Amino acid sequence: MTATAEQETGRLAHLGGSRTALLFFVLLTIASMALIAELALGPVQIAPDRVLATLTGGGEPMESAILWQIRIPRAALGIAVGVSMALSGAALQGLLRNPLAEPGLIGVTAGASLGAVMAIVLGGLVVGLMPDVIAPFLLPIAAFIGGATVIAILFSLVRFGSGPSVATLILAGVAINAIVGAAIGVLIYISDDQQLRDLTFWTMGSLGVADTRLIGIVTVLALLTFPVFLGSTRALDLLQLGERAAFYSGLNVNRARMRIAAATALSVGAVTCAAGPIGFIGLVAPHIARMMFGPGHKVLLPASALIGVILVLAADLGVRLAVPPAEPPIGLATSLIGGPFFLWLLMRQVSRGRVIA
Amino acid sequence: MLEAREVTVSFGTKRALDGVSCALAPGEVVAVIGPNGAGKSTLLAALSGVMNPGAGRVLIDGDEVNDLSPEDLALRRAALEQTPVRDVPYTAETLVGLTIPTRISPSEAREIVNRALRAVDLEDIRTVAVHRLSGGEAHRAHLARSLAQLWSGQTLGYGRYLMIDEPTASLDLQHQRSVLEVVRTVRQEGTGVLIVLHDLTLAAAIADWVLLMKAGRVVIDAAPDDAIQPGLIEPVYETPIVVVRKDAQMIVAPDYRSNAAQSS
């Protein structure tokens with residue numbers, strides 16, 4: 001290679017790096033603005049400087065109460081949902097080498113939901129038998145088991161050698177979603193009035209969770225999975241070559257697959273059991289990130305996480321400010337935007353002849 | 001030495017490898033030839049550690065292949081499958097650098113990537129996404145990736161074996177020749193190359209040693225001059241074959257004449 005060409009490559013790489021940094025800065029700014037808006041706006045407006053004063057210990061009792069008891073837990077859950085769903089989506093898409101793999105579409109969210117609904121409706125039967133330390137974790141544990149079961153079913157359905165086809169995955173998702181929908185229907189049918197009210201709102205997805213202890217638990221659980229995802233970027237890159245080539249390249253494929261699957265089940269389970277199924281974030285966020293930063297997972301994963309946070313907080317602001325003081329479920333908003341996005345992606349795939357492949 | 005000792009691999013009731021023994025020394029080229037379904041690719045899979053043999057042992061420099069971690073194995077050998085994934089989202093140069101271990105410094109890694117791209121004649125389209133390349137170009141990009149892995153292994157004191165499955169199948173004549181050059185270069189550097197080939201002319205030109213396989217067994221294990229003779233290979237391929245020697249080169253082709261089958 002000539003010296004000029006080498007310099008050119010170096011220069012391009014350098015430019016690529018600063019462009020990435022700039023875009024990250026932009027995303028971080030938007031995410032911060034969304035977070036401030038999430039804390040400041042609502043039935044009671046709290047000016048950003050008052051928000052800051054309250055966070056640093058000053059502030060009036062009423063503002064302090066609203067922030068610490070309502071808006072900060074809500075924002076924390078929103079961030080956990082955004083990061084978890086975006087990272088899970090990006091990781092599943094990489095693992096399955098399939099751009100349409102999304103926790104909701106392929107049934108992982110549904111599995112987690114079923115686990116959570118079982119815990120809500122049937123938990124009363126077993127909670128008395130459990131030690132007090134474990135009782136608060138019943139919901140997340142049930143959701144994790146539900147999500148993990150679905151992932152195990154999907155792994156056994158899709159052939160890994162050639163990479164599962166889009167059709168297989170989506171059809172498996174349809175079947176799992178239908179089965180889970182029916183099972184949840186049965187549970188709703190046998191639930192009592194109070195449980196029914198809890199469930200109806202919960203199954204549409206909402207960040208308005210009153211139980212701050214639950215929010216604390218799921219946020220910590222979700223946080224635990226983030227390093228696992230971010231530590232799997234090289235594995236996800238290598239998996240794009242196919243399983244055999246990834247092994248030839250030095251990847252312990254089975255271990256990587258188990259690690260990513262467990263992180264996905266835990267993080268989707270955690271946020272789903274608190275916020276309910278919030279769809280399409282795991283599809284939309286990684287796609288936007290891919291358009292901005294390209295396919296390399298080292299940048300793709302953190303970028304997806306930031307975009308996920310922005311999307312969730314924006315959607316939550318949207319539903320809260322649309323018809324105040326009523327508060328439509330956020331899951332409705334993300335599905336209204338994400339559904340058409342999915343259709344668009346699907347049509348693009350069909351036109352490239354990749355759905356049946 | 002990379003060696004298989006009495007290796008047996010079964011898929012269901014079918015024996016893909018039936019007590020196969022072979023050896024690959026650093027600095028030599030072994031061509032594996034034979035008809036479809038003979039077990040050539042399975043032999044490569046067993047030697048590369050991706051497939052656990054049902055019986056027998058595979059040793060790389062004295063160590064059991066299946067006892068080594070994938071990371072260690074990747075330093076000691078590079079391997080390229082017959083049909084690498086075409087639909088890779090990365091550019092050619094990113095693909096080539098992808099399998100370089102993180103222990104290699106970025107400047108060394110860049111040097112290795114450049115060398116690998118140069119070896120397969122892909123420097124001009126290094127920034128094109130692999131899924132936009134032609135089939136042959138994509139295959140060469142994957143070959144360059146294997147070379148980069150091999151040379152990374154050498155930088156760290158290993159990298160003595162390269163296994164490639166049918167590298168020339170999708171290539172034009174010029175680039176078939178460039179693969180031949182690549183194999184000669186890495187052999188010169190002391191790497192042992194195991195290469196699965198259908199093209200017997202190429203096998204004769206490239207190989208120090210030939211393994212002719214049929215139905216999961218090695219039927220001929222000899223130098224090219226001794227192995228590639230019509231009388232020996234015709235029964236294995238079950239078709240008439242012409243061997244012509246010209247200017248110190250052996251040219252091997254099926255006998256396509258219409259009356260060949262009867263006359264043989």
Side-chain angles (χ1 to χ4, degrees), chain A residues 1-3 5-17 93-94 97-99 160-163 165-166 231 233-257 286-287 290-291 293-300 349 352-354 357, chain B residues 41 44-45 48-51 68-91 93-95 97-103 106-107 110-111 113-115 117-118 123-124 126-127 129-131 141-142 145-146 148-150 152-153 162-165:
Chain A
M1 169 172 273
T2 62
E6 198 142 39
Q7 283 160 3
E8 183 68 6
T9 320
R11 198 175 61 82
L12 282 177
H14 178 69
L15 268 183
Q93 285 156 24
R97 279 200 285 130
N98 195 316
F160 266 98
S162 55
S165 77
V166 176
T233 54
R234 183 174 156 81
L236 287 166
D237 279 343
L238 288 176
L239 282 167
Q240 302 317 298
L241 307 177
E243 308 254 311
R244 181 167 290 197
F247 173 80
Y248 284 157
S249 309
L251 180 70
N252 191 329
V253 173
N254 284 330
R255 196 192 295 164
R257 201 153 70 191
H287 272 86
R290 220 170 271 125
M291 285 180 213
F293 298 98
H297 288 86
K298 196 176 164 189
V299 177
L300 183 64
Q349 296 274 317
R352 286 182 186 176
R354 277 166 52 173
Chain B
S41 297
L44 191 146
S48 64
V50 76
M51 199 172 276
L68 294 172
S69 70
E71 295 84 350
D72 283 345
L73 215 42
L75 292 179
R76 298 197 192 195
R77 60 96 184 95
L80 181 60
E81 57 198 316
Q82 190 175 351
T83 44
V85 173
R86 279 282 307 276
D87 202 5
V88 177
Y90 307 112
T91 62
E93 62 180 350
T94 306
L95 173 74
L98 210 55
T99 49
I100 295 178
T102 41
R103 286 154 64 187
S107 63
R110 206 157 39 236
E111 190 47 51
V113 169
N114 289 339
R115 214 175 125 204
L117 285 167
R118 197 160 49 221
E123 287 166 292
D124 294 342
R126 57 190 295 155
T127 54
V130 173
H131 62 83
H142 280 285
R145 172 174 61 77
S146 303
Q149 184 186 338
L150 181 76
S152 306
L162 175 66
M163 286 170 264
I164 36 184
D165 196 347

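Hydrogens, waters and symmetry mates play no part in the numbers below; they use all other heavy atoms, side chains included. So you know, we letter chains A, B, ... as the sequences are listed, proteins then strands, and number each from 1. Fair warning: this is a prediction, and the values are worked out from it, not measured in the lab.
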Checklist outcome for this item: Honestly, the part of B:Ile100 sitting under 4.5 Å from a heavy atom of chain A is backbone
Checklist entry - Quick one: are A:Gln240 and B:Asp87 in side-chain contact, heavy atoms under 4.5 Å? => result no
Checklist entry - Do you know the tightest heavy-atom contact between A:Leu241 and B:Glu81? => result O-OE2, 4.2 Å
Checklist entry - Considering only heavy atoms, which portion of B:Ala45 lies under 4.5 Å from any heavy atom of chain A: side chain, backbone, both, or neither? => result both
Checklist entry - Looking at B:Val50, B:Thr99, B:Thr102, which one has more heavy-atom pairs under 4.5 Å with chain A than the rest? => result B:Val50
Next on the checklist: Counting only non-hydrogen atoms closer than 4.5 Å, does B:Glu71 touch chain A with its backbone (N, CA, C, O), its side chain (CB onward), both, or neither?
Outcome noted: both
Checklist outcome for this item: Rounding to 0.5 Å, atoms CE (B:Met51) and CZ (A:Arg244) come to a distance of 5.0 Å
Next on the checklist: When you measure from the side chain of B:Arg145 to the backbone of A:Ser249, do you find a donor-acceptor pair of N or O atoms at a distance under 3.5 Å?
Outcome noted: no
Item to check | Minimum-distance pair of heavy atoms, taken over all atoms of B:Tyr90 and A:His297 | outcome: OH-ND1, 3.7 Å
Next on the checklist: Is B:Leu98 in contact with chain A via its backbone, its side chain, both, or neither, using a 4.5 Å heavy-atom distance?
Outcome noted: both
Item to check | Structural part of B:Pro89 lying under 4.5 Å from a heavy atom of chain A | outcome: both
Checklist outcome for this item: Honestly, the part of A:Arg234 sitting under 4.5 Å from a heavy atom of chain B is side chain
Item to check | Any donor-acceptor pair under 3.5 Å from B:Arg77 side chain to A:Tyr248 backbone | outcome: yes
Checklist entry - Any side-chain heavy atom of B:Pro70 within less than 4.5 Å of one from A:Asn252? => result yes
